[in-house]
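Worksheet for the structure shown next.
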Amino acid sequence: MQTVADVVAVVLVLLGCTLALVAGLGLLRFPDVVSRLHAGTKPQVAGVLLIVLGAAIRLWGEPAMWTVLLAGFLQFLTAPLSAHMVSRIAYRRRHLRRDLLVVHEAEPPPPPPGQPRGDEPADAPAPSADHGSR
Amino acid sequence: MSPGPIAPPYVRQLPLLGWLTLVWVLLWGTFSWANLLSGLLVAVLVTWLLPLPAVTEHARLHPWPVLLFAGAFLKDLAVSSVVVSWEALRPGGPVRSAIIEVQLRTDSDLLMTIVSETLTLVPGSLVLDADRERNVLLMHVLPVRDLDEVERQRASVLEVEERVVRAFGSRAEIAAVERAVRRERATAGGVQR
Amino acid sequence: MSVVAVVAFALLGAGALLCLVRVALGPSLLDRVVATETLLAIVTAGLAAHAALARDTTVAAVLLAVTLLGFTGAVGVSRYVGGMLVRSSDDGRDVGLPIAAEERASVERGAGADRR
């Protein structure tokens with residue numbers, strides 16, 4: 001019985017570690033900040049979840065089990081917040097490879113001449129330069 | 001900010017107090033009355049010194065839909081982790097993504113927050129911005145190869161919303177979403193915007 | 001168990017190394033924020049993996065601290081960058097930071113060309 005639980009825990013931990021490696025690869029290969037953020041979410045959410053579950057199985061019955069689970073849960077609460085803050089600013093500061101988008105549904109209308117808003121994306125002031133992205 | 005019936009301050013703070021006390025007890029790792037009382041003391045102190053804006057809406061919990069929601073979330077998490085992992089591993093050009101606007105059917109701060117948090121937790125979909133007045137989420141989704149996939153992603157976002165509303169919404173909100181779903185089924189095949 | 005530990009920490013270490021490469025390459029501040037956050041998540045994962053494999057309970061508190069540090073760090077830096085966004089509102093262009101890297105990259109490789 002003990003060995004079965006151990007094997008399950010070890011498999012969970014190894015899966016989580018694999019996700020960490022894949023996240024590193026994604027971080028290198030994805031083309032812009034927002035896409036890299038998708039890669040970074042994997043170890044933050046799925047990887048940590050798997051490894052924390054493995055740790056909880058291995059530490060079953062000890063007080064530290066609850067601390068580990070709490071850490072995993074806090075990771076769950078905080079990961080979307082920081083991801084959202086980074087992604088929103090990346091979007092507004094034009095950190096997006098717009099030429100790699102299949103669809104961009106929120107393309108802002110061109111501003112009135114001489115009145116840029118400041119939070120507009122890179123290609124807004126020159127709409128004619130953007131037609132390749134469709 | 002809907003002006004609902006606002007409970008007196010200490011009733012409103014109760015869930016937060018309970019949560020902070022739970023965190024304290026979990027930090028110690030063992031349950032004891034001394035831990036519970038000291039945790040309660042710390043929680044009161046924290047909420048008194050660092051007050052938060054009041055949450056004017058109550059979360060409701062429908063047990064069975066919450067379980068369905070959690071199960072579907074874990075499944076989404078597993079599936080999209082594999083999908084995004086494959087995008088990181090596969091040979092070939094850079095991954096293609098899309099920015100889409102999704103018209104939600106709920107009109108509630110709390111539900112919109114849960115929906116966005118759930119969507120951002122799942123790799124492959126990310127909420128860039130939320131338009132609270134129109135109830136529109138601006139999302140970045142990945143991987144997307146063609147327009148069909150865009151519509152599939154949009155449909156899955158709306159499914160997440162439906163599950164969230166069924167799990168945490170009030171009766172009126174659930175009814176509204178069910179009406180919207182029926183209307184969409186009636187006009188199936190059309191663009192849902 | 002030791003073989004498992006070697007494999008697990010090798011995977012984590014490789015992931016962390018790739019994150020460090022992204023931190024070094026940049027090209028923008030936010031890229032580094034994302035990479036650092038991922039690095040901290042991998043550190044969290046490593047601590048949890050150590051707790052699991054060695055049945056070591058002493059790292060649990062460290063785990064908690066690292067979790068919260070990653071969050072506050074990312075939020076702090078992105079608020080800082082967001083503040084610069086407001087300040088650069090005169091022409092919508094970036095101020096002070098070499099941030100137009102993505103745009104430069106897409107111009108160099110031929111903007112709008114279909115690369116698939």
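Hydrogens, waters and symmetry mates are skipped; everything else that's a heavy atom, side chains included, is used. Lettering of chains follows the sequences in order, A, B, ..., and the numbering in each one begins at 1.
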How long is the span from the [atom1] atom in [X] to the [atom2] atom in [Y], to the nearest 0.5 Å?
X	Y	atom1	atom2	result
C:L30	A:S87	CG	OG	10.0 Å
C:I42	A:L21	CD1	CG	8.5 Å
C:L11	A:T18	CG	OG1	5.0 Å
A:R36	C:R32	CZ	CZ	10.5 Å

- prompt: So, for A:A55 and C:A48, which heavy atoms are closest and what is the spacing to 0.1 Å?
  reply: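 In this case the closest contact between A:A55 and C:A48 is CB-O, 3.7 Å.
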field: Least distance between heavy atoms, A:A71 atom then C:T67 atom
entry: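 Distance-wise, the nearest heavy atoms are O-CG2, 3.7 Å.
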- request: Could you please spell out the steps behind the side chain to side chain contact (heavy atoms under 4.5 Å, CB included) verdict for C:L18 and A:L27?
  value: CA-CA 8 Å; C:L18 292 172; A:L27 218 52; over 6 Å; no
- prompt: Quick one: are C:L25 and A:L28 in side-chain contact, heavy atoms under 4.5 Å?
  reply: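 Side chain of C:L25 against side chain of A:L28, heavy atoms only: contact under 4.5 Å found.
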field: Partners passing side chain to side chain contact (heavy atoms under 4.5 Å, CB included) against C:A49 (at least two apart in sequence or in another chain)
entry: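 Applying side chain to side chain contact (heavy atoms under 4.5 Å, CB included) to C:A49 gives A:V13, A:I51, C:F9, C:L12.
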field: Distance-only donor-acceptor check, side chains C:E37 and A:S82, under 3.5 Å
entry: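 There is such a pair between these side chains.
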message: Can you tell me which portion of A:L12 sits under 4.5 Å from chain C's heavy atoms? Options are side chain, backbone, both or neither.
response: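 Contact with chain C is absent: no heavy atom of A:L12 under 4.5 Å.
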message: Do the side chains of C:R55 and A:D6 get close enough for a salt bridge, i.e. N-O under 4.0 angstrom?
response: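 Yes, C:R55 and A:D6 are salt-bridged.
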Pairs meeting criterion ring-ring contact (aromatic ring centres under 6.0 Å, His included) with involvement of residues 5-39 of chain A, two or more places apart: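 The answer is A:H38-B:H140.
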Using a cut-off of under 4.5 Å for heavy-atom pairs, which of [options] has the most such pairs with chain A?
options	result
C:V77, C:V66, C:L63, C:V59	C:L63
C:T38, C:V7, C:V33	C:T38
C:V34, C:T72, C:L39	C:V34

query: For C:T57 and A:T67, what are the C-alpha separation, side-chain angles and deciding distance, and is it a side chain to side chain contact (heavy atoms under 4.5 Å, CB included)?
result: CA-CA 9 Å; C:T57 60; A:T67 318; over 6 Å; no
message: I'd like to know which of A:V52, A:L59, A:V48 tops the heavy-atom pair count under 4.5 Å against chain C.
response: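 When all of A:V52, A:L59, A:V48 are compared, A:L59 has the most.
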